[in-house]
Amino acid sequence: MKFQRILALLSKEFGQLFKDKKLLPLVFVAPVMQLVFLGYAASFDVKNISVVLCDLDKTEASRALIEKFSNSGYFTIEYSTEDYGSIQNYIDDNKVEMALVIPRRFGDDLAAKVPAKVQVLFDGSEGNTAAIGLAYVNQIIVQYSNHVLVQNLGMAAIGGVVPEVRAWYNPSLQSRNFMVPAVLVMILLITTMNLTSMAVVKEKEIGTLEQLMVTPIRPVELILGKLIPFVMIGFANATVVLLVMVFGFGIPIRGSVLLLFFLSLIFLLTTLGLGLFVSTISKTQQQAMMVGQFFILQPMMYLSGFAFPIDNMPVVLQIGSIAVPMRHFLIIVRSIVLKGVGIGPLLFPAGALLVMGVFILTASVLRFHKKLD
Amino acid sequence: MNDSVIEVDHLTKKFGKFTAVDHVSFDVKRGEIFGFLGANGAGKSTTIRMLCGLLASTEGTARVGGFDINKEPEKVKENIGYMSQKFSLYEDLTVEENINFYGRVYGLSNHLLKERKEWALEIANLRGREKSITGTLPGGWKQRLALGCAVLHHPKTVFLDEPTSGVDPVMRRKFWELINDLSAEGVTVLVTTHFLEEAEYCNDIILINAGKIIAGGSPKELKSNYIKTPILEVQCANVIDAMSLIEKQPWALETSVFGTHLHVSVENEEAARGHIRQLSMQNGLDVTHVEKIIPSLEDVFIYLLDQEAKKN
């Protein structure tokens with residue numbers, strides 16, 4: 001292995017990168033765009049669920065319940081109707097996401113001390129909103145119900161268990177706090193894997209790879225010359241993402257930045273290895289793009305817990321997700337940024353990444369070697 | 001005394017059941033321009049790729065500059081220059097960046113690189129355009145720059161795979177001047193081409209067809225060894241009609257179209273002249289000129305390929 005040859009390759013790669021008037025800005029604009037999308041648009045937070053109210057009771061009791069809903073901050077009563085049959089129109093026309101129906105006997109039942117019923121209808125096509133809205137509905141009705149019980153029993157209090165729930169590390173349960181650190185993971189994956197595979201395949205396409213192979217350059221030098229620039233771009237990207245995260249979104253890094261960068265390097269072993277692997281099975285840059293997109297990026301996004309909780313998946317997929325490097329790195333990033341943990345609790349994900357990184361990179365390098373012969 | 005720079009011994013390459021190169025053997029002497037001729041797909045590039053250490057051979061061996069291509073491919077690579085028909089330059093880099101890159105890859109010292117850069121710019125006629133983006137250069141210039149880059153490190157042997165494809169004739173001639181200069185400096189040049197007029201510039205030629213060598217020798221030898229009968233060049237108004245007519249005559253051994261005239265190989269020149277005159281009058285062929293010519297390599301190869309086709 002000769003340092004001079006690697007240096008020649010590096011200066012060539014950077015020369016090409018800096019001459020590409022589109023790629024380089026793209027590499028740095030992309031993370032910022034991702035941050036904006038995932039920080040603002042891709043929010044699972046549910047606020048201001050629009051409601052159509054159908055109060056058929058019109059008693060003091062029904063008004064008290066309605067007040068609880070409108071004061072909660074989660075619901076906005078947009079429409080009011082006395083025609084039960086028209087509710088479907090409101091939901092079908094996407095005017096509201098929920099309907100609150102208070103039947104005629106509601107007040108009387110409460111007064112008679114028999115169970116009173118309210119009906120809550122959700123637009124289930126918005127599954128996420130419905131699920132979260134339902135939780136708020138339950139909370140409000142339980143509170144109201146307790147209130148009624150206390151009144152009926154004529155006591156100041158009735159004992160019982162009151163849960164005092166706090167969400168640590170993300171007290172306001174904002175999905176932004178959860179998503180923005182994940183952008184770091186996604187950007188590192190996309191840029192390093194795609195750029196590596198495309199850079200190698202490009203040389204294949206234009207024929208320079210063959211020219212390189214008749215020079216004294218050894219495959220290992222060639223691979224290093226190809227991967228080092230993308231490690232550097234990956235780190236530059238990571239720095240941009242972290243700066244925007246801390247100063248733009250006000251999400252501080254509670255743990256060690258150094259540890260975060262060090263574990264990022266281990267994650268890069270897997271992404272660069274995958275990029276190299278894609279390049280060995282692709283003949284054109286388009287193929288490399290498609291393979292990377294559909295067989296690596298998308299499955300990883302769905303299976304890593306990036307947006308969809310792993311605990312909700314069928315057991316087979318949960319087990320499968322252990323082999324997804326992105327899953328482990330997501331845990332690492334979220335833990336270091338939000339919880340501020342050290343290496344101790346992260347030994348398993350870090351170890352898994354290291355094993356996978358060494359395996360993927362070695363296998364890809366060997367395959368790359370073989371394909372050149 | 002062994003002055004062969006390239007020794008090829010029953011070199012064979014199979015891709016699955018397909019035999020691309022079939023027991024090919026030849027020697028190339030120092031400083032020679034060695035032509036490798038054949039149609040597309042005949043096995044020229046595959047042979048060159050094996051000799052450059054890019055492909056492992058299935059059978060047989062070869063030595064390039066004294067190094068075994070299968071056992072010491074790295075040594076082979078250090079001592080050769082290679083240029084493919086794609087002129088493998090980085091089109092998005094400048095002329096100078098391309099030269100610097102290949103120079104450093106071959107381990108040239110800064111001093112030597114500077115000297116060779118001047119030389120490469122000189123031969124490619126690119127002095128003053130060092131900062132031009134390579135992709136914007138005309139084909140002929142790129143081709144000469146690619147050759148310059150391929151021989152920056154003073155290789156003793158140079159492999160050129162279809163170096164002149166897609167280059168206009170004037171540039172092609174200039175390129176061959178460069179090849180002659182290299183050869184004069186003692187560099188051995190192995191060049192593949194399907195331009196037969198280029199083969200005339202070679203010291204030695206082999207013709208390859210379907211992976212096998214079907215003929216070899218200097219252009220002069222090829223012409224005298226294979227073409228023993230006189231060839232008449234017939235100029236007439238409608239060559240296609242004339243061809244289909246003459247072909248059928250028992251005195252015409254081989255007939256082929258060369259642009260606006262026919263080449264007819266015959267047993268007896270005088271008798272044939274008479275036959276042609278007669279045919280022309282009977283059929284209104286309007287033959288304007290009949291002349292005995294010195295056979296070109298094209299005549300030789302058409303003859304050889306016909307013989308091959310008849311064998312199969």
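Just so it is clear: chains get the letters A, B, ... in the order the sequence lines come, proteins before strands, and each one is counted from 1. A quick note: this is a predicted structure, and the numbers were derived from the prediction, not measured.
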> Got a second to check how far Glu59(B)'s CD is from Asn70(B)'s CG, nearest 0.5 Å?
11.5 Å
> Could you tell me which portion of Leu212(A) (side chain, backbone, both or neither) has an atom closer than 4.5 angstrom to a non-hydrogen atom of chain B?
side chain
> Keeping the roles fixed (side chain from Asn203(B), backbone from Ile33(B)), state whether a donor-acceptor pair exists under 3.5 Å.
yes
> Ring pair (Phe, Tyr, Trp, His ring centres under 6.0 Å) between Phe368(A) and Phe277(A): does it pass, once the steps are laid out?
CA-CA 7 Å; Phe368(A) 184 71; Phe277(A) 177 77; over 10 Å; no
> When rounded to the nearest 0.5 angstrom, what is the spacing between CD1 in Ile223(A) and CG in Leu9(A)?
11.0 Å
> Sequence neighbours excluded, which residues qualify as side chain to side chain donor-acceptor pair (under 3.5 Å) partners of Thr271(A)?
Thr192(A)
> Does any backbone or side-chain atom of Ile133(B) lie under 4.5 Å from a heavy atom of chain A? Answer side chain, backbone, both or neither.
side chain
> Tabulate, in ascending numerical order, the residues of residues 137-150 of chain B having at least one heavy atom closer than 4.5 Å to a heavy atom of chain A, or enter 'none'.
none
> Examine whether an atom of Lys19(A) lies under 4.5 Å from a heavy atom of chain B, and if so say whether it belongs to the side chain, the backbone or both; otherwise answer neither.
side chain
> Using non-hydrogen atoms only, which part of Ser11(A) is less than 4.5 Å away from chain B: side chain, backbone, both, or neither?
side chain
> For a quick check under 3.5 Å, do Glu91(B) and Thr134(B) share a side-chain donor-acceptor pair by atom type?
no
> Could you tell me how the ring of Phe14(A) sits relative to the ring of Phe18(A): parallel (under 30°), tilted (30 to 60°) or perpendicular (over 60°)?
parallel
> Indicate yes or no: at least one non-hydrogen side-chain atom of Leu222(A) is less than 4.5 angstrom from one of Leu209(A).
yes
> Which pairs with one or both residues in residues 259-270 of chain A pass side chain to side chain donor-acceptor pair (under 3.5 Å), sequence neighbours excluded?
none
> Under 4.5 Å, heavy atom to heavy atom, which residues of residues 96-122 of chain B contact chain A?
Glu97(B), Phe101(B), Tyr102(B), Arg104(B), Val105(B), Tyr106(B), Gly107(B), Leu108(B)
> Hey, which of Leu195(A), Leu268(A), Asn237(A) is the one that makes side-chain contact (heavy atoms from CB on, under 4.5 Å) with Phe230(A)?
Leu195(A)
> Check the side chains of Thr188(B) and Arg30(B) for a donor-acceptor pair under 3.5 angstrom, ignoring hydrogens and angles.
no
> Which one, Lys2(A), Arg218(A), Arg5(A), leads in non-hydrogen pairs under 4.5 Å with chain B?
Arg218(A)
> Which atom pair, heavy atoms only, marks the closest approach of Ile360(A) to Pro325(A)?
CD1-CG, 4.5 Å
> Is Glu210(A) close to chain B through its backbone or its side chain, or both, or neither, when contacts mean heavy atoms under 4.5 Å?
both
